[in-house]
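Below, chains carry the letters A, B, ... as their sequence lines are ordered, and counting in each starts from 1.
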8 protein chains.
Amino acid sequence: MKKISVRTRVLTGTLAAAALAATVGAVSASAETSETPAALAAVKVDTQNKNLAQSTGLTLDSATRAAQATLDAAAKAGQHVSVAVVDRDGVTRVLLKGDGAGPQSPESAQRKAFTAVSWNAPTSELTKRLTQAPTLKDIPGTLFLAGGAPVQSKGAPVAAIGVAGAPSGDLDEQFAQAGVAALAK
Amino acid sequence: MKKISVRTRVLTGTLAAAALAATVGAVSASAETSETPAALAAVKVDTQNKNLAQSTGLTLDSATRAAQATLDAAAKAGQHVSVAVVDRDGVTRVLLKGDGAGPQSPESAQRKAFTAVSWNAPTSELTKRLTQAPTLKDIPGTLFLAGGAPVQSKGAPVAAIGVAGAPSGDLDEQFAQAGVAALAK
Amino acid sequence: MKKISVRTRVLTGTLAAAALAATVGAVSASAETSETPAALAAVKVDTQNKNLAQSTGLTLDSATRAAQATLDAAAKAGQHVSVAVVDRDGVTRVLLKGDGAGPQSPESAQRKAFTAVSWNAPTSELTKRLTQAPTLKDIPGTLFLAGGAPVQSKGAPVAAIGVAGAPSGDLDEQFAQAGVAALAK
Amino acid sequence: MKKISVRTRVLTGTLAAAALAATVGAVSASAETSETPAALAAVKVDTQNKNLAQSTGLTLDSATRAAQATLDAAAKAGQHVSVAVVDRDGVTRVLLKGDGAGPQSPESAQRKAFTAVSWNAPTSELTKRLTQAPTLKDIPGTLFLAGGAPVQSKGAPVAAIGVAGAPSGDLDEQFAQAGVAALAK
Amino acid sequence: MKKISVRTRVLTGTLAAAALAATVGAVSASAETSETPAALAAVKVDTQNKNLAQSTGLTLDSATRAAQATLDAAAKAGQHVSVAVVDRDGVTRVLLKGDGAGPQSPESAQRKAFTAVSWNAPTSELTKRLTQAPTLKDIPGTLFLAGGAPVQSKGAPVAAIGVAGAPSGDLDEQFAQAGVAALAK
Amino acid sequence: MKKISVRTRVLTGTLAAAALAATVGAVSASAETSETPAALAAVKVDTQNKNLAQSTGLTLDSATRAAQATLDAAAKAGQHVSVAVVDRDGVTRVLLKGDGAGPQSPESAQRKAFTAVSWNAPTSELTKRLTQAPTLKDIPGTLFLAGGAPVQSKGAPVAAIGVAGAPSGDLDEQFAQAGVAALAK
Amino acid sequence: MKKISVRTRVLTGTLAAAALAATVGAVSASAETSETPAALAAVKVDTQNKNLAQSTGLTLDSATRAAQATLDAAAKAGQHVSVAVVDRDGVTRVLLKGDGAGPQSPESAQRKAFTAVSWNAPTSELTKRLTQAPTLKDIPGTLFLAGGAPVQSKGAPVAAIGVAGAPSGDLDEQFAQAGVAALAK
Amino acid sequence: MKKISVRTRVLTGTLAAAALAATVGAVSASAETSETPAALAAVKVDTQNKNLAQSTGLTLDSATRAAQATLDAAAKAGQHVSVAVVDRDGVTRVLLKGDGAGPQSPESAQRKAFTAVSWNAPTSELTKRLTQAPTLKDIPGTLFLAGGAPVQSKGAPVAAIGVAGAPSGDLDEQFAQAGVAALAK
């Protein structure tokens with residue numbers, strides 16, 4: 001696409017928007033929308049490919065399946081836990097508060113997952129780093145307590161699973177790892 | 001990679017962990033770098049491809065360039081503004097508080113960008129939807145005020161630019177659109 | 001259980017605590033598991049039945065199934081949404097951020113569910129109440145936007161499902177209702 | 001109730017809703033409500049029993065009585081404290097800020113109660129666990145300081161009492177235990 | 001007390017502190033305290049009376065009684081509500097979450113009480129002011145919804161009671177007023 | 001005042017309100033108010049004296065003077081600091097951000113003052129208590145760092161001054177004590 | 001200063017730091033500091049002037065004087081208010097909570113000042129803009145209610161004064177303007 | 001400017017405002033504004049110079065250049081980091097979330113920069129101070145972890161750069177120092 005001035009872009013974009021309106025379907029359709037296409041036009045110009053990067057994450061189906069496997073492992077051990085699955089950006093994809101799990105467990109699970117995906121390591125390991133860098137744990141959003149495990153693709157973190165509620169963090173992490181393992185099957 | 005049972009994995013990992021304890025060190029160790037594969041075995045199992053989805057975003061270089069083009073357009077118009085670029089998840093990639101821009105402008109810019117990427121439309125258009133659904137604006141993180149513009153790839157939102165600080169939201173959005181346009185060049 | 005005076009209880013507990021200190025250990029001990037009853041004596045006195053009330057909620061299995069049915073309905077309609085299931089106390093039991101759902105959708109879904117369970121009515125109906133009581137929507141935690149539906153048992157609210165991400169709140173609520181319906185099967 | 005389609009359910013539900021309207025009384029009655037029954041119908045279908053779980057908590061009368069007994073014990077000891085009673089979900093049922101109690105005491109009391117109910121143990125005991133798991137105290141909402149005591153029914157936590165404001169946490173917890181004891185009488 | 005230099009004050013204050021230690025009793029006593037009196041001395045100098053102002057508030061006993069009267073009125077009307085009593089500074093003295101009251105009700109009750117004490121008027125009246133000053137309701141901490149009633153002494157606000165959970169704010173406020181009335185008996 | 005029913009109270013109160021309306025003056029006057037006296041009546045009944053307690057605080061004039069004396073002491077020592085004066089409830093009465101004082105200093109000063117008034121002791125002393133009760137510092141709103149000094153009347157805390165910004169907390173506290181001393185003159 | 005490599009810079013900086021240590025005095029002095037100069041060196045290189053911009057603000061003395069003049073005007077009118085002075089960045093320099101001013105007044109005053117400095121206009125005027133851009137008031141930190149007045153230097157905003165607590169915003173703003181006027185004397 | 005009464009000031013200011021309206025241009029112009037000049041007048045009186053102080057900061061261009069140099073240094077070392085530049089008031093001027101940098105890195109970078117500018121020292125040095133004053137790290141907004149470096153002008157802090165995301169804080173700080181060094185060229 002050649003360089004276009006802002007003003008020209010608006011007109012061009014109008015056409016593009018009109019074309020899109022017929023094809024995009026549900027995503028851009030809106031019952032409330034009655035604006036003229038021209039108003040929308042300017043931003044319908046597509047970004048050039050050279051500006052784009054791809055990132056990898058779990059589908060929600062997979063994330064849910066992993067969370068379920070986590071809960072199954074906990075149930076088998078007779079433990080009541082909550083589980084969270086976060087994506088590479090630390091955003092929660094799945095949060096399940098277990099039957100009988102304490103009120104502290106959902107946020108604890110989320111933070112363990114956030115921590116695991118941030119450093120691409122299980123939180124049981126990360127906790128050891130506090131010996132030399134004790135203030136790592138003051139970084140907002142983190143929880144340096146066993147129970148978080150990263151999900152990796154080609155060695156890079158693409159998600160993480162966090163678990164909380166069992167009597168020890170090691171148990172929590174064992175269940176999180178069961179969830180990770182379910183994604184390798 | 002072969003399927004492994006949860007129980008086997010735990011045992012393997014346990015041994016690895018014991019070995020690890022003596023060798024990993026702490027601060028300088030990084031999940032990407034030097035720990036032995038066995039040590040983190042349980043979580044190093046790569047996720048199957050079928051579980052993965054790709055998402056598209058801007059490189060930081062592109063996002064910064066777009067933000068700069070936004071500021072250039074504002075400067076040409078003699079306006080002092082702040083600009084934010086967020087990704088598809090609403091996470092801020094770039095935030096620049098302009099010289100002379102008011103203290104309200106950075107968060108205003110971020111929220112406009114967040115809003116634009118959430119509904120894949122410029123906020124000037126989204127504001128019109130409030131006539132029929134006035135409580136849309138109560139959704140946390142949003143700001144239904146002109147000045148936000150989505151960045152699209154194949155019609156889908158991959159980022160958004162938000163601007164605040166000019167005397168009117170329409171001017172803010174004109175600058176945001178200049179930033180979007182810079183990505184189409 | 002016989003009535004005990006505060007003073008006696010304190011003394012008893014003191015002895016037990018002394019004994020406990022040597023045996024319990026810490027991390028692995030769990031109130032549900034292995035400490036000696038005497039140890040926690042002071043607080044282990046069971047509450048009298050007359051002090052207790054029962055409340056009803058969904059099992060996590062049911063909540064998850066309802067959320068899944070919600071997502072299935074959305075998928076059938078070609079929509080990308082997030083779904084939340086909250087209990088009678090407004091606490092999130094299930095949160096699923098859909099593939100391709102916008103970043104505003106998870107908290108929007110949670111708040112719709114919170115609102116629906118608070119007033120035991122779908123949010124599409126509750127929104128109408130704003131005509132007469134417009135400041136209802138300023139109550140913290142709420143979102144008066146279609147998309148939330150209560151789950152009832154004998155007419156009382158026991159949970160709620162909230163959905164966000166479709167082009168209109170009416171669509172969101174249709175999916176939420178599909179989730180509720182799955183619990184009636 | 002047999003499986004019904006979403007559309008059928010709406011009609012069926014309408015009838016159910018109409019029936020409910022006459023019997024439910026105060027809970028669903030609303031001075032502001034004028035919506036047609038049909039609109040509300042879909043969500044009036046009752047959840048199946050198999051989806052439901054019961055949880056146990058204190059009545060407000062009991063919780064208030066326990067809080068009062070706590071304050072009485074503090075007054076007898078000449079101490080100015082605040083007291084909180086939370087339910088199993090960590091939600092505050094009763095909060096009383098004592099005459100002369102410091103401004104830090106209400107939230108301190110709430111957090112101690114939250115902590116006690118989360119792990120079903122008095123906070124004086126839980127504090128000891130920090131020796132082996134020092135980051136437990138970083139879990140949001142918690143306070144690992146003596147003064148919180150769980151209320152149990154058949155060994156399971158159904159509530160907790162937290163106290164703050166006395167010169168030592170041990171004194172605080174003694175008063176909290178007096179509150180728990182009042183529920184055993 | 002004559003003017004003293006900071007240095008002199010320390011020595012003088014030491015003596016004062018020593019004297020205080022014997023008489024103040026519980027308030028300043030602390031099991032953890034082992035600092036030398038000298039260290040504490042400087043701040044033990046009493047403020048001159050001319051610097052002081054008296055403010056009036058409810059005793060906790062009275063506030064609790066008012067809250068109970070509020071709940072009794074609600075129970076008589078068959079309504080499930082939460083009630084809050086705040087002091088002149090808007091600080092919560094009493095918070096009771098009623099059996100069966102929705103999860104939105106405690107904070108709603110607190111904010112209504114906060115609003116009523118801030119403007120020394122029932123919130124049903126204050127809501128009317130929004131016609132002319134609609135942004136009053138944007139002041140943090142407030143809720144302009146019927147259900148809050150100030151407690152006055154000589155016409156000045158000394159506390160307020162807020163109620164939430166009934167089908168209408170007018171009902172909520174009727175119960176709040178019953179609580180206020182209990183203080184006039 | 002004899003016991004009156006809620007309904008009777010309304011009528012009685014109306015008269016009281018009408019009388020009050022003429023005498024209260026500025027506090028209750030409002031340009032926006034046009035509600036009928038009857039509506040307001042119920043809450044105009046004055047609380048009985050037996051329900052009331054007096055609390056002591058600084059006048060704003062005194063608090064400002066103390067803050068100024070604090071800054072003067074800092075200026076004399078060539079230090080750039082911020083100062084806060086809080087009342088017995090921990091509410092900020094005065095906050096002054098000094099020229100050249102760092103951005104962390106205002107909230108640091110507030111929290112030191114909050115901590116000092118909460119425990120009626122200078123924060124330099126309170127910090128020592130962490131040796132035995134290290135989690136005291138996790139109580140929300142507190143900062144266990146030298147620089148806070150309580151203001152007392154008859155040994156009880158009525159306010160506190162907090163200072164932050166000097167190279168050491170001991171210096172900060174010396175300035176705070178100068179502020180306290182100014183109130184003893 | 002010529003371009004230097006990072007490594008060279010460290011060495012050079014060390015010398016600069018050593019020199020600075022003797023001259024800077026109080027600002028950088030710290031009782032706790034014992035780090036070697038080399039560690040600190042790299043960041044002691046002074047920024048080039050071409051990178052710098054000057055901004056204008058009030059001295060704390062002036063800001064305090066303006067706040068006092070504001071309170072004097074309110075006192076003359078028999079009103080109880082709180083006052084805030086913020087700088088161009090919206091940061092609070094002075095906050096005074098008036099005797100008898102309501103608990104909502106300090107934050108209300110701060111937000112009015114924040115709003116006035118953000119748009120360089122009194123909030124009474126800014127409120128009128130809501131007619132055409134009603135969502136302006138959703139920008140975080142703002143309050144579009146009369147009572148805020150900017151302080152200008154050469155027409156540009158350098159600070160603002162916010163007042164809250166009087167029966168009407170117009171009165172509040174009159175007092176704020178009295179504070180501004182005091183700076184013109 | 002001579003002392004003027006508030007009332008006189010209004011009239012005088014009106015003229016000043018009218019004059020300003022023609023000259024100020026974009027900054028004060030607003031498409032939404034239709035208020036009468038008189039209303040605005042009172043606050044258009046310029047502050048006297050004696051009330052003003054100048055503060056020094058980076059231009060956005062310089063801050064952006066420094067951030068870019070920081071990222072270049074990180075890229076050269078093969079590290080994925082985020083970078084923040086804050087001004088003397090701790091306000092973020094530039095925030096860039098690096099490609100592949102973890103979700104914890106932006107806020108971590110901001111806090112390191114905030115900490116460095118607050119104490120005018122690199123955070124690697126400040127962390128050492130925790131040995132003697134461990135609660136320094138509890139000051140809100142701070143993060144005592146290597147990776148923050150102040151930008152100085154004549155020895156005083158005018159900004160700071162914070163970096164997060166590398167395997168160690170020392171690496172982070174090395175990149176931050178590269179950013180600072182770019183400002184010395």
Side-chain angles (χ1 to χ4, degrees), chain A residues 1-4 6 9 20 23-24 27-28 30 32-35 39-40 42-48 50-59 62 73 87 89 91 119-122 124-125 128-129 131-133 149-159 174 177-178 180-181 183-185, chain B residues 1 3-4 6 9-10 13 17 20 24 26-27 29-32 35 40 42-48 50-59 62 73 87 89 91 116 119-122 124-125 128-129 131-133 149-156 158-159 174 177-178 180-181 183-185:
Chain A
M1 187 178 295
K2 70 180 197 301
K3 178 173 171 179
I4 50 173
V6 172
R9 188 174 44 79
L20 275 169
T23 59
V24 166
V27 173
S28 65
S30 165
E32 291 96 83
T33 309
S34 65
E35 62 282 27
L40 219 152
V43 298
K44 286 281 183 178
V45 176
D46 259 30
T47 297
Q48 293 286 75
K50 62 180 178 184
N51 297 318
L52 301 177
Q54 299 297 313
S55 61
T56 303
L58 294 176
T59 63
S62 300
D87 65 17
D89 276 333
V91 177
W119 282 276
N120 194 20
S124 60
E125 171 200 337
K128 297 170 193 162
R129 297 190 191 176
T131 309
Q132 285 180 269
V151 177
Q152 300 179 324
S153 172
K154 299 174 188 165
V158 296
Q174 185 175 317
Q177 289 173 340
V180 174
L183 296 171
K185 292 173 187 176
Chain B
M1 185 175 297
K3 179 173 168 179
I4 51 172
V6 173
R9 187 177 46 77
V10 169
L20 180 67
V24 166
V27 176
S30 162
E32 291 95 317
E35 64 278 64
L40 288 172
V43 296
K44 285 280 186 180
V45 175
D46 257 29
T47 297
Q48 293 285 74
K50 64 179 177 182
N51 297 318
L52 301 178
Q54 299 295 315
S55 61
T56 303
L58 294 176
T59 63
S62 300
D87 65 17
D89 276 334
V91 177
W119 282 275
N120 193 19
S124 60
E125 170 200 336
K128 296 170 193 163
R129 296 190 191 175
T131 308
Q132 284 181 272
V151 176
Q152 300 179 323
S153 173
K154 299 176 188 165
V158 296
Q174 187 175 313
Q177 289 172 339
V180 174
L183 296 171
K185 292 172 188 176

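The backbone N or O of A/L52 lies less than 3.5 Å from no partner atom in the side chain of B/T59, so there is not a single donor-acceptor pair. The main-chain N or O of A/Q54 is never found under 3.5 Å from a side-chain atom of B/T56 such that the two would form a donor-acceptor pair.
Rounding to the nearest 0.5 Å places CD of A/Q48 at 12.0 Å from CG of B/L58.
Partners of B/N51 according to the side chain to side chain donor-acceptor pair (under 3.5 Å) rule, which considers only residues two or more places apart in sequence or in another chain, are A/S62, A/R65.
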